[in-house]
Undergrad: 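Before I ask anything, let me first share the structure, which is written out below as structure tokens.
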Number of protein chains: 2
Amino acid sequence: MTGEGTTSASAGAPAERRGRPRSPAVDTAVVETVLRLLEDGVGVAELSMERIAREAGVGKATVYRRWAGKEALMLDVLRSLDEAVPGPAGACVRDDLVALLEFLRRRGLAKRSSAVLRTVVAQVQARPALWAEYHDTVVAARREAFEAVLRRGMASGEIRADLDTELLTDLFVSPMLSRALFHEWRELPEGLSERIVDTLLEGVRPA
Amino acid sequence: MTGEGTTSASAGAPAERRGRPRSPAVDTAVVETVLRLLEDGVGVAELSMERIAREAGVGKATVYRRWAGKEALMLDVLRSLDEAVPGPAGACVRDDLVALLEFLRRRGLAKRSSAVLRTVVAQVQARPALWAEYHDTVVAARREAFEAVLRRGMASGEIRADLDTELLTDLFVSPMLSRALFHEWRELPEGLSERIVDTLLEGVRPA
DNA sequence: CACTTCCGGAACGGTCCCGTCTCGTATGGG
DNA sequence: CCCATACGAGACGGGACCGTTCCGGAAGTG
């Protein structure tokens, strides 16, 4: 969280820390301020270190004492988003899939979440490290949860076993994702998760 | 293309244009430069009018003579992306859907296209006008093409008629879109379109 | 040919930001 | 208690960009 963790390869003991300790409140205040600004649609470009410090009510030097620059700060901001995805608890695979999509829907409804996602997407080209961090801390866990449910369904016969779980995950997730990205909380109505899952399960061709 | 078209509500006659006419080459040079820079991963933030003019080999005043600011310029850049989507030419609905997705795949493979898309997504919150323009000039036509094919399929019995064409379009399009957004030309392999269409048509549940 | 407008280049004052540094003060470990 | 370190505030020089303005020259129109 302090950012030093990203660079401090100091394997040695941290030794004795003399003097006033760093306030943990500052770390959270800064990260929280960044999230709030992104949420308000500020855009990572207009986010200057100066403005972040100002709006967080924090000295600029205090920010630079913790993070080497905007890139390092953003990395920690993304790290702070790590979140537990719901485990499989439904009666059948279909319900588990709906639950996972419903989790995504509620996240997409939160301005914070979709704003951060948009920000990350915008940086895919320019700052691969940022995207990699987001993928590792947020995306990977979700994908793994989906694929686990799908594999379970394949074993139990509820899901065709001749399909690639990676492609299947995309088919389930990306409709929700696209709407959250493009339409921002609109177009994520109640019941959307069920419609996506059921349509995918049944297929589009008539029986 | 000149940008004045966006603001010039001057319904009156353009009257006689005396003096040296504006060079159309400048318009295209500027727009092309913006596209090239986006393509190189520069990001709309680092795109300053100053830099655009410099890299286009054009006087800054010349740019400001045509566009009121960066927003107006970007609007024209998006407008320049209008493109014809392939019409329905396949033997069956399935082939038409594959053709449309294949069109999207080739666009996603082009760095220019995915870069612009990422840029637009990043601005959904901050500049709704930009997104609206992109939606009207690019997205709307594609969606309409998809929905037309789907309606045709419903009429001919190749597609279930009890489903919403809007949701169906999302189901077909968004997997391709998400991959182009997140993975940038990787992960768009040959044959992906067929796999998406066929999986959606058949359904995920075993027969 | 005369005149008008456009062209690239360059400079302007103004604003914002960066990253560092210095204040005077607050705070907690040894 | 002492002193190292953190804190908020802000000044600093350096740099980038904005949008405007001027220049000298180029290029069409009448």
Side-chain angles (χ1 to χ4, degrees), chain A residues 1-8 10 13-34 37-38 42-76 126-127, chain B residues 1-8 10 13-34 37-38 42-76 126-127:
Chain A
M1 178 70 82
T2 64
E4 294 176 342
T6 65
T7 51
S8 77
S10 60
E16 45 182 309
R17 298 290 306 160
R18 314 224 325 145
R20 178 179 176 178
R22 288 188 188 168
S23 162
V26 170
D27 296 71
T28 66
V30 171
V31 171
E32 207 62 24
T33 298
V34 172
L37 289 175
L38 289 180
V42 172
V44 74
E46 298 106 297
L47 269 188
S48 61
M49 295 295 266
E50 205 142 0
R51 177 167 180 186
I52 292 169
R54 200 187 322 134
E55 302 229 20
V58 153
K60 203 166 31 151
T62 303
V63 178
Y64 277 106
R65 195 176 292 123
R66 286 146 207 265
W67 293 283
K70 195 157 72 172
E71 177 104 15
L73 171 55
M74 288 304 162
L75 241 56
D76 272 358
R127 304 177 206 268
Chain B
M1 177 70 85
T2 63
E4 293 176 345
T6 66
T7 51
S8 78
S10 61
E16 45 182 311
R17 298 289 304 159
R18 315 221 325 143
R20 176 177 176 179
R22 289 188 187 167
S23 164
V26 171
D27 296 70
T28 65
V30 171
V31 171
E32 207 64 22
T33 299
V34 172
L37 288 175
L38 288 180
V42 172
V44 76
E46 299 106 298
L47 269 188
S48 61
M49 294 295 264
E50 206 142 358
R51 178 167 179 186
I52 292 170
R54 200 187 320 136
E55 302 229 19
V58 153
K60 203 169 30 153
T62 303
V63 178
Y64 276 105
R65 193 175 295 124
R66 286 147 205 263
W67 294 280
K70 194 157 73 173
E71 178 104 13
L73 172 53
M74 288 304 164
L75 242 55
D76 272 359
R127 304 177 206 270

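The figures that follow rest on heavy atoms only: side chains count, while hydrogens, waters and symmetry mates do not. Each chain gets a letter, A, B and so on, in the order the sequences are listed, and its residues count up from 1.
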Undergrad: Could you tell me the separation between the CZ atom of A:R127 and the CE atom of A:M74, rounded to the nearest 0.5 Å?
TA: 8.5 Å
Undergrad: Taking OH from B:Y64 and P from D:dT21, how many angstroms apart are they, rounded to a whole number?
TA: 13 Å
Undergrad: If I take atom CD from residue B:E71 and atom CG from residue B:D76, how far apart are they, to the nearest 0.5 angstrom?
TA: 11.5 Å
Undergrad: Does the side chain of B:S23 get closer than 4.0 angstrom to OP1 or OP2 of C:dC6 through an N or O atom?
TA: no
Undergrad: Which parts of residues 42-50 of chain B get close to DNA chain D, meaning a heavy atom less than 4.0 angstrom away?
TA: B:S48, B:M49, B:E50
Undergrad: For A:G69, answer base if it contacts any base atom (sugar-phosphate contacts may also be present), sugar-phosphate if it contacts only those atoms, and nothing otherwise; contact means non-hydrogen atoms under 4.0 Å.
TA: nothing
Undergrad: Might you point out which heavy atoms bring B:V30 and B:W67 nearest each other, and give the distance in Å?
TA: CG1-CZ3, 3.7 Å
Undergrad: Enter the distance from B:L75:CG to B:K70:NZ here, rounded to the nearest 0.5 Å.
TA: 13.5 Å
Undergrad: By nearest heavy atom, map A:G59 and B:R54 onto DNA chain D; which one lands nearer the 5' end?
TA: A:G59
Undergrad: Using the 3.5 Å cut-off, write out each protein N or O paired with an N or O of nucleotides 2-5 of chain D and the distance between them.
TA:
unit_1: D:dT5; atom_1: O2; unit_2: A:R20; atom_2: N; d: 3.4

Undergrad: Can I get a per-line list of side-chain donor-acceptor pairs under 3.5 Å for residues 44-58 of chain B, giving both atom names and the distance, sequence neighbours left out?
TA:
unit_1: B:S48; atom_1: OG; unit_2: B:R51; atom_2: N; d: 3.0
unit_1: B:R51; atom_1: NE; unit_2: B:E55; atom_2: OE2; d: 3.1
unit_1: B:E55; atom_1: OE1; unit_2: B:R36; atom_2: NH2; d: 3.3

Undergrad: Distance check needed: C:dC16 C1' versus A:K60 NZ, whole Å only.
TA: 11 Å
Undergrad: Which distance, rounded to the nearest 0.5 Å, do you find between the CG of B:L73 and the CZ of B:R66?
TA: 11.5 Å
Undergrad: Among the candidates C:dC21, C:dC7, D:dT21, find the nucleotide nearest to the side-chain atoms of A:A61.
TA: C:dC21
Undergrad: Between C:dG9 atom C1' and B:R51 atom CZ, what is the distance in whole Å?
TA: 20 Å
